[in-house]
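Structure first, commentary second.
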Amino acid sequence: MAGEQDKIVEEQIIKKYEDLLRRYNILNRISRIVASTTELDKILSITLKGVTFGDGFGFNRAFLFLLNQKMDRLTGRLAIGTETAEEAWKIWGEIQKENYSLEEFISQEKLNDQGNLSLNDRLKKITIQITPGKIIDQCLTGGEPVNVDLTKNSLDENSDYFIDASKIENEILELIQYPKFCLIPLISRTRKVGLLVVDNKYNNREITQDDMTFLMMLGSFAASSIRNTIIYNELKESLNNLAKVNYQIKILKEYNENIIESIPLSMFVVDNNFILTACNKNFSDIMHTSKENLIGKNIRNFKIFVNDFNLIDEIANVMSEKKIEGFYKVKIVMNDVTSDSIFNLMLVLLKDSKDSIDGVIGILEDVTDLVKLEKSLQEAKRFSELGKFSATIAHEIRNPLVSIGGYANRIKRRYIEKKEFDINDINIITDEIKRLEEILKDILDYSSDKKADFKTINLCEVLRYCIDLVKISAEQNNINITLLSGENFLDKYNLIINGSYDNLKQAFINLLNNAIEASTSKQTVYMDTEIIEDSGQKWIKIKINNKAFIQNEKDLYKIFLPFYTTKIHGTGLGLTLTKKIIEEHSGNIDVESNRENGTTFTIKLPLLRIDENV
C-alpha cells in the first residue's frame with residue numbers, strides 16, 4: 001500500500017515538473033517569436049495568444065490594457081477570448097483536431113479571430129482612471145499579481161485571494177462578468193507599462209500560485225518588449241519625419257547603431273572620462289581613420305581644434321557648466337591638418353534616466369555648400385545693388401565735378417583777365433575733391449568682395465577703443481557717452497568672437513558717430529550691453545541710443561539702403577557698410593525710433609565663449 005502511494009506521489013512530482021518544463025518551454029518560444037517583430041500589435045497578440053494557448057498557459061480569456069503617458073489612465077488595447085462558452089468550445093475543438101503547435105496557433109489569424117471581435121471591440125472602448133486604493137492602483141504600485149475570487153465571503157489566514165468587490169473598478173467587473181480572475185502588472189524594470197487580466201470563465205479552472213508565478217515571468221518579459229517597442233516606434237517616427245529614413249531593426253542594439261549611422265551628420269559620444277564610446281562613419285571620415293580605431297580610445301590622444309579652440313577644453317567646459325556649446329561656420333584642425341570643409345558644431349550633454357551626466361554628444365554638420373551658397377547670394381545681391389545704384393553714383397559724383405569744373409573755369413577766366421585768382425575758389429575745389437574721395441572710398445568698401453581676416457578677438461577691446469575714440473568728438477559737442485551696463489562691464493569680461501577687429505571697429509565707430517551727430521548739446525548717447533542665450537548659442541546684444549527721433553517712417557525703412565541719407569554732407573553708405581560688416585560676422589542689426597526713447601540701434605553677435613576676468 002505504501003509503495004502504491006509512493007508511486008502516486010512520484011507520478012505527481014513528475015507531472016508537476018513536466019508541467020513546469022512545458023511552461024518554461026512556452027515562455028522561451030513566446031520570447032523567440034516576440035523578438036522576431038518590432039510591431040506593437042503583433043507583440044500584444046503573441047503575448048495574449050501564448051496566455052490562452054491550450055498547451056501553454058491555457059487560460060480561457062486574456063485582456064491587455066496599456067498606460068497612457070501621464071500614467072493615470074489605462075486604455076483597453078487587446079482581448080483574446082470569446083463572449084460565450086459555445087464559441088470557446090467550438091474553437092478549442094478545432095485547435096485540438098488540427099493539433100496546432102504554438103507557432104501555428106499564433107499564425108492562424110482567422111481561427112484566432114473567431115468569436116473574438118465582439119469582446120475585443122468592447123475592450124477597446126474602455127478607459128479606466130487609476131484611483132488610489134483601488135485594485136488596479138494596488139496591483140501596479142505593489143508590482144505583484146492579484147488573484148480575485150468574489151465567491152468567497154471570508155479568507156483563511158493563509159489565503160491570498162482578493163475578495164473586496166468595492167475596491168474593484170466597475171469597468172473591470174462589467175467587462176469580465178465572472179467572479180474569478182487574476183490581474184498581472186506589466187512593469188519593465190521600474191517603468192509601469194500596463195495590466196494583464198486573465199480568467200477561466202468557461203472551464204472554471206482555478207488560478208493557482210504556479211499560474212501567477214509564470215504569468216509574472218511572462219508579464220515582465222512582455223512589459224519590457226512592449227516598452228522597448230513603444231520607444232522604438234516613437235524614435236522611428238521622429239527620425240522618419242526629420243531624415244526621411246526608414247529603419248528596420250530586429251533588436252534594440254542594432255536599432256541604436258543604425259540611428260547613429262543613418263543621421264546625415266557627423267556624430268560622436270564621449271563619456272565622463274573622455275573615452276569615445278560611439279561615433280558614426282561620417283565622424284571617422286573627418287578623423288581620417290576607421291571607427292574601430294576611434295571607439296574605446298581617449299579623445300585626448302587626438303589633437304583636435306575647432307578654429308583656435310581645443311576641443312577637449314570645450315568638452316570639459318560643457319561638462320562643468322552643464323550647458324550646450326555651439327560653434328558656427330568653423331574649420332576642424334586635426335593633428336595640425338585643417339579641414340577643407342566648414343562645419344557647425346554642437347556639444348550637448350548626454351544624460352541617463354536619472355538626469356545624471358554620462359558624457360557629451362558632439363554633432364558636426366557640414367555647411368560648406370550652404371556657406372558657398374550664401375556667399376553666391378551675397379555676391380549676386382551686391383552686383384544687383386550696384387547695378388541699381390549706378391545712376392545714383394553718377395549723380396553723387398556729378399555734383400562735385402560740376403562744382404569743380406565751374407570754379408576751375410572761373411579761376412581760369414579771372415587769371416586770363418586779371419592775372420589773379422580767389423583762394424576761396426580753390427578751397428571749394430579742394431573740398432569737393434575730398435568729397436569725391438570719400439564717396440569713392442565708401443563705394444569701393446561696399447563693393448569690395450575681399451574676405452576679411454577673421455580670427456578670435458575680444459569684443460570688449462573693440463568697444464573700449466571705439467568709445468575712447470569718439471569721446472573727444474562728443475566732448476567737443478558737449479555730449480555725454482554713458483555705458484548703462486556699468487563702466488566695469490568691458491573690464492570684467494572677455495567676450496570672445498570670431499571676427500575682424502578692424503571691420504568691427506569701423507562698424508561701431510560709424511554707429512557712435514551717427515548717434516553723436518544726431519544729438520544736441522547736453523544730450524547723452526547711451527550704450528547698453530547684455531549677454532543672452534538663444535537655442536543654446538550665447539550672443540552679445542549691444543544697444544546704442546540717442547534722443548533724436550526719426551519722424552518719417554520711410555527714413556526708418558530705408559536707413560540701411562546704399563546712398564540713402566538725410567544728412568547735408570554724407571555719402572549714405574556708412575550704415576550700409578555697418579550692416580554688411582555685422583552680417584559678415586553672422587550677426588544682425590535693427591533700428592527702432594519713437595518720440596519717447598529716441599532712436600536705438602540693436603546689434604547681436606554670436607559669441608564663441610565668455611571669460612570672466614578675476
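We use all heavy atoms of the structure for the numbers below, so side chains are in, but hydrogens, waters and symmetry mates are not. Keep in mind that this is a model prediction, so the values were computed, not measured.
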Spatial distance of atom [atom1] ([X]) from atom [atom2] ([Y]) [nearest 0.5 Å]:
| X | Y | atom1 | atom2 | result |
| --- | --- | --- | --- | --- |
| Ile516 | Lys471 | CD1 | NZ | 11.0 Å |
| Ile46 | Glu39 | CD1 | CD | 9.5 Å |
| Glu612 | Asn494 | CD | CG | 10.0 Å |
| Leu64 | Ile226 | CG | CD1 | 5.0 Å |
| Leu350 | Ser356 | CG | OG | 11.0 Å |
| Asn503 | Ile457 | CG | CD1 | 9.5 Å |

What heavy-atom pair brings [X] and [Y] nearest, and what distance separates the two atoms?
| X | Y | result |
| --- | --- | --- |
| Phe274 | Ala316 | CZ-CB, 4.0 Å |
| Gln129 | Arg73 | OE1-CZ, 2.9 Å |
| Ala62 | Val51 | CB-CG1, 4.0 Å |
| Asp137 | Pro132 | OD2-CA, 3.4 Å |
| Leu347 | Gly362 | CD2-CA, 3.9 Å |
| Cys182 | Ile184 | SG-CD1, 3.6 Å |

Audit row: Met346, Tyr328, side-chain contact (heavy atoms from CB on, under 4.5 Å) steps and yes/no: CA-CA 9 Å; Met346 291 293 293; Tyr328 298 91; 3.7 Å; yes
State whether the number of non-hydrogen atoms from other residues, nucleotides or ligands found under 6.0 Å of [X] atom [atom1] is greater than 12.
| X | atom1 | value |
| --- | --- | --- |
| Asp340 | CG | no |
| Lys323 | NZ | no |
| Lys538 | NZ | yes |

Side-chain heavy-atom pair [X], [Y] within 4.5 angstrom cut-off:
| X | Y | value |
| --- | --- | --- |
| Leu575 | Leu511 | yes |
| Leu67 | Leu74 | yes |
| Tyr501 | Val462 | yes |
| Ile299 | Ile275 | no |
| Leu512 | Leu469 | no |
| Cys279 | Ile295 | yes |
| Leu364 | Phe283 | yes |
| Thr602 | Lys541 | yes |

Check this for me, if you would: do [X] and [Y] make a salt bridge, where the nitrogen-to-carboxylate-oxygen distance has to be below 4.0 angstrom?
| X | Y | answer |
| --- | --- | --- |
| Lys543 | Glu592 | no |
| Asp468 | Arg464 | no |
| Asp41 | Arg77 | yes |

Classify the side-chain pair [X]/[Y] by whether it contains a donor and acceptor separated by less than 3.5 Å.
| X | Y | result |
| --- | --- | --- |
| Asp502 | Ser500 | no |
| Asn514 | Asn510 | no |
| Asp210 | Thr213 | no |
| Thr576 | Lys580 | no |
| Asn282 | Ser266 | no |

Keeping [X] on the side-chain end and [Y] on the backbone end, is there a donor-acceptor pair under 3.5 Å?
| X | Y | answer |
| --- | --- | --- |
| Glu144 | Cys139 | no |
| Asn458 | Leu495 | yes |
| Arg300 | Ile312 | no |
| Asn228 | Ser224 | yes |
| Asn68 | Asp72 | yes |
| Ser339 | Ile332 | yes |
| Asn310 | Phe305 | no |
| Thr277 | Asp271 | no |
| His585 | Ile581 | yes |
| Ser220 | Met216 | no |

Glu461 vs Lys505, salt bridge (Lys or Arg N to Asp or Glu O under 4.0 Å): CA-CA, chis, key distance, verdict: CA-CA 10 Å; Glu461 293 180 0; Lys505 182 177 68 177; over 6 Å; no
Verdict with supporting geometry, Thr482 and Asn480, side chain to side chain donor-acceptor pair (under 3.5 Å): CA-CA 6 Å; Thr482 299; Asn480 296 319; 6.0 Å; no
Leu195/Ile136 under side-chain contact (heavy atoms from CB on, under 4.5 Å): CA gap, chis, key distance, verdict: CA-CA 8 Å; Leu195 186 73; Ile136 292 177; 4.0 Å; yes
Check against side-chain contact (heavy atoms from CB on, under 4.5 Å), Thr599 and Asn545: CA-CA 6 Å; Thr599 301; Asn545 168 266; 5.7 Å; no
For Asp590, side chain to side chain contact (heavy atoms under 4.5 Å, CB included) partners two or more places apart: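 Asn588.
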Test side-chain contact (heavy atoms from CB on, under 4.5 Å) applied to Thr578 and Phe508, step by step: CA-CA 8 Å; Thr578 298; Phe508 285 108; over 6 Å; no
